[in-house]
Amino acid sequence: MNPEDFPTPDAEVETITPDTLKSRIDAGEDVTLLDARMESDYDEWHVDGETVESINVPYFEFLEDEIDDDVLARIPQDREVTVLCAKGGASEFVAGTLADRGYDVNHLEDGMNGWARIYERVEVTGYDGSGTLYQYQRPSSGCLGYLLVDGGEAAVVDPLRAFTDRYLADAEELGVDLQYALDTHIHADHISGVRDLDDDGVEGVIPEAAVDRGVTYADELTQAEDGDQFQVGDATIETIATPGHTTGMTSYLLDASLLATGDGLFIESVARPDLEEGDDGAPDAARTLYESLQERVLTLPDETLIGGAHFSDSAVPAADGTYTAPIGDLVEEMDALTMDEDEFVELILSDMPPRPANYEAIIATNLGQQAADDEEAFELELGPNNCAASQESLAGD
């Protein structure tokens with residue numbers, strides 16, 4: 001049903017913003033959510049947290065005048081309940097219906113679409129290179145990006161198209177000129193913002209090794225080869241080829257302090273190797289990933305921070321709130337990083353999660369092989385990222 005098709009309950013209910021809900025969760029408040037989407041949508045992707053109780057009751061259960069007692073029994077009456085849906089229409093109806101029956105309820109503005117527009121900038125205090133480094137965090141999908149600022153200049157790594165204006169606004173707020181927008185690889189879970197930023201006068205950079213996948217716009221952007229360097233004020237960004245997750249996977253070493261690994265290595269897991277070549281090519285890609293980790297990543301100093309392009313629900317943030325960790329800590333905590341090659345390949349092929357939603361269309365869009373307007377692009381990338389090799393944390397194993 002469209003939002004305008006829902007009947008209007010007699011009771012008026014409070015609307016809360018996604019930012020307010022996020023603030024309550026971050027503050028450790030007990031939050032009870034009633035998710036009115038279909039069960040399949042809920043199972044794929046929903047708001048979670050240590051202090052969050054989430055209940056899934058599809059909206060159609062509330063369309064009858066006499067709501068089943070078993071349905072109402074699932075909804076707590078002793079606390080406030082926030083109702084949410086995909087876009088906000090069904091949740092307003094459900095919340096009003098419950099308010100008519102005496103429940104203490106509100107509903108989430110714009111639903112999961114609104115939740116997907118939350119994008120936070122957190123300083124990486126453990127970064128000890130020149131300038132200041134920030135990590136962008138998108139809690140709805142676990143996407144991460146990086147903004148390096150120094151000497152009146154800035155660079156963003158793994159920008160999202162949905163937040164193109166945000167990067168430009170942040171650069172203006174910080175009083176810097178956004179010089180570079182760099183992608184680590186052809187992403188399979190979100191639409192890249194590199195081309196849009198390049199259209200706005202920022203130098204777009206993609207890995208040279210990714211071009212052979214069929215990038216249609218390669219000649220319009222700068223192609224980063226292994227060993228290339230980019231200057232941001234006094235800070236140096238070094239290009240390090242780290243294939244495995246994809247053939248063109250590239251990491252960027254930010255002033256010898258943090259390695260932006262894209263989807264090669266996360267603080268709780270390693271990359272899945274099947275999104276480019278499929279199941280048949282996954283074993284060989286896993287062996288390539290093993291070589292990249294052992295020869296290109298783990299040879300860096302132990303104190304070098306790792307910052308991936310994603311985090312999962314099982315990731316534990318650092319004290320500064322960022323999803324970063326020193327290489328030395330990861331080697332101690334993640335057995336996958338000290339296994340021999342055969343053990344490593346067997347491990348990461350054994351428990352891969354479902355592929356990201358719409359990943360083939362997202363890849364084609366990021367290659368420039370198909371077009372999507374802003375709304376279509378946003379809809380394509382809704383949901384979890386699923387770019388790690390396991391749904392469970394491999395750290396601390």
Side-chain angles (χ1 to χ4, degrees), residues 141-146 157-161 181-195 204-218 221-228 239-253 259-266 269-297 306-310 312 336 344-345 348-349 352-370 380-381 384-390:
S141 62
C143 285
L144 300 172
Y146 300 87
V157 178
D158 284 335
L160 311 184
R161 175 172 161 182
L182 307 99
D183 255 345
T184 54
H185 65 297
I186 303 300
H187 294 275
D189 68 302
H190 67 260
I191 307 301
S192 167
V194 164
R195 281 190 288 165
V205 180
I206 59 172
E208 187 275 336
V211 172
D212 286 344
R213 290 188 65 183
V215 176
T216 64
Y217 52 87
L221 303 182
T222 298
Q223 298 177 29
E225 298 184 29
D226 186 38
D228 282 353
T239 303
I240 300 177
T242 50
H245 174 65
T246 66
T247 52
M249 182 71 243
T250 296
S251 299
Y252 296 105
L253 183 59
L259 185 68
T261 52
D263 289 353
L265 175 62
F266 312 107
S269 189
V270 297
R272 64 186 302 159
D274 64 325
L275 293 183
E276 182 177 343
E277 298 294 342
D279 293 338
D280 291 343
D284 286 342
R287 294 186 184 282
T288 300
L289 174 62
Y290 180 83
E291 294 173 3
S292 291
L293 292 173
Q294 295 298 323
E295 298 174 8
R296 308 305 307 274
V297 176
I306 293 297
H310 298 110
S312 69
F344 177 86
V345 172
I348 69 169
L349 296 179
M352 286 189 292
R355 293 184 173 103
N358 303 317
Y359 80 100
E360 291 175 316
I362 291 173
I363 290 172
T365 304
N366 283 330
L367 289 171
Q369 296 174 354
Q370 72 177 43
L380 275 176
E381 63 189 23
N385 63 74
N386 288 347
C387 285
S390 174

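These values consider heavy atoms only, across backbone and side chains, with no hydrogens, waters or symmetry-generated copies.
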(message) What's the separation between atom OG1 in Thr261 and atom CG in Leu253, rounded to the nearest 0.5 Å?
(response) 11.5 Å
(request) Provide the closest heavy-atom pair for Ala260 versus Val157 in the form atom of the first, atom of the second, distance. (result) CB-CG1, 4.1 Å
(request) Could you tell me whether the side chain of Glu277 and the main chain of Ala285 form a donor-acceptor pair under 3.5 Å? (result) no
(message) Is the shortest side-chain heavy-atom distance between Leu349 and Pro273 below 4.5 Å?
(response) yes
(request) Could you tell me which non-hydrogen atom of Leu265 sits nearest to which non-hydrogen atom of Ser269, and how far apart they are? (result) CD1-O, 3.5 Å
(request) Measure the spacing between CG of Leu259 and OG1 of Thr184 and express it to the nearest 0.5 Å. (result) 10.5 Å
(message) Run the salt bridge (Lys or Arg N to Asp or Glu O under 4.0 Å) test against Asp228 and tell me which residues pass, sequence neighbours left out.
(response) none
(request) Please round to the nearest 0.5 Å and tell me the distance separating atom CZ of Arg161 and atom NE2 of His190. (result) 12.0 Å
(request) Using ring pair (Phe, Tyr, Trp, His ring centres under 6.0 Å) as the criterion, list what pairs up with His185, not counting sequence neighbours. (result) His187, His245
(message) Show me the pairs that pass salt bridge (charged side-chain N to carboxylate O under 4.0 Å, His left out) and involve residues 204-214, at least two apart or across chains.
(response) Arg213-Glu276
(message) What I'd like to find out is whether the side chain of Thr246 reaches to under 4.5 Å of the side chain of Ile186, using heavy atoms alone.
(response) no
(message) Does any part of the side chain of Asp183, heavy atoms only, come nearer than 4.5 Å to the side chain of Pro159, both counted from C-beta?
(response) yes
(message) Going by the rule side chain to side chain donor-acceptor pair (under 3.5 Å), which residues pair with Asp284 if we only count those two or more places apart in sequence or in a different chain?
(response) none
(request) I would like to know whether Cys143 and His310 meet side chain to side chain contact (heavy atoms under 4.5 Å, CB included); could you show each step before the answer? (result) CA-CA 4 Å; Cys143 285; His310 298 110; 3.8 Å; yes
(request) Taking all non-hydrogen atoms of both residues into account, name the closest pair between Gly248 and Pro207 and its distance. (result) O-CB, 3.5 Å
(request) Can you measure from CD (Glu291) to OG1 (Thr242) and round to the nearest 0.5 angstrom? (result) 12.5 Å
(request) Measure the shortest side-chain to side-chain distance between Tyr359 and Pro354 over non-hydrogen atoms and say whether it is less than 4.5 angstrom. (result) no
(request) Report yes if the side chains of Tyr252 and Thr239 come closer than 4.5 Å at any heavy-atom pair, otherwise no. (result) yes
(message) Could you check whether any side-chain heavy atom of Thr365 comes within less than 4.5 Å of a side-chain heavy atom of Glu381, counting everything from C-beta outward?
(response) no
(request) Quick one: pull up CG in Asp263 and CG in Leu275 and give me the separation to the nearest 0.5 Å. (result) 8.0 Å
(request) Answer yes or no: is there a side-chain heavy-atom contact under 4.5 Å between Ile191 and Ile362? (result) yes
(request) Among Asp158, Leu160, Leu221, find the one that has a side-chain contact (heavy atoms from CB on, under 4.5 Å) with Val194. (result) Leu221
(request) Identify, with sequence neighbours excluded, every residue that meets ring pair (Phe, Tyr, Trp, His ring centres under 6.0 Å) alongside Tyr290. (result) Phe344
(message) Tell me the closest heavy-atom pair linking Ala218 and Val215, and the distance in Å.
(response) N-CG1, 3.7 Å
(message) Is it the case that the side chain of Tyr146 and the backbone of Gly308 share a donor-acceptor pair, with hydrogens and angles ignored and the cut-off at 3.5 Å?
(response) yes
(message) Donor-acceptor check, side chain of Arg287 to backbone of Val345, threshold 3.5 angstrom: yes or no?
(response) no
(message) For Ile348 versus Ala271, what's the shortest heavy-atom pair and its separation?
(response) CD1-O, 4.1 Å
(message) As an exercise, state the distance from CE of Met352 to CG of Asp279, rounded to the nearest 0.5 Å.
(response) 6.0 Å
(message) So, using side chain to side chain donor-acceptor pair (under 3.5 Å) as the criterion, who are the partners of Thr250 when residues are at least two apart?
(response) none
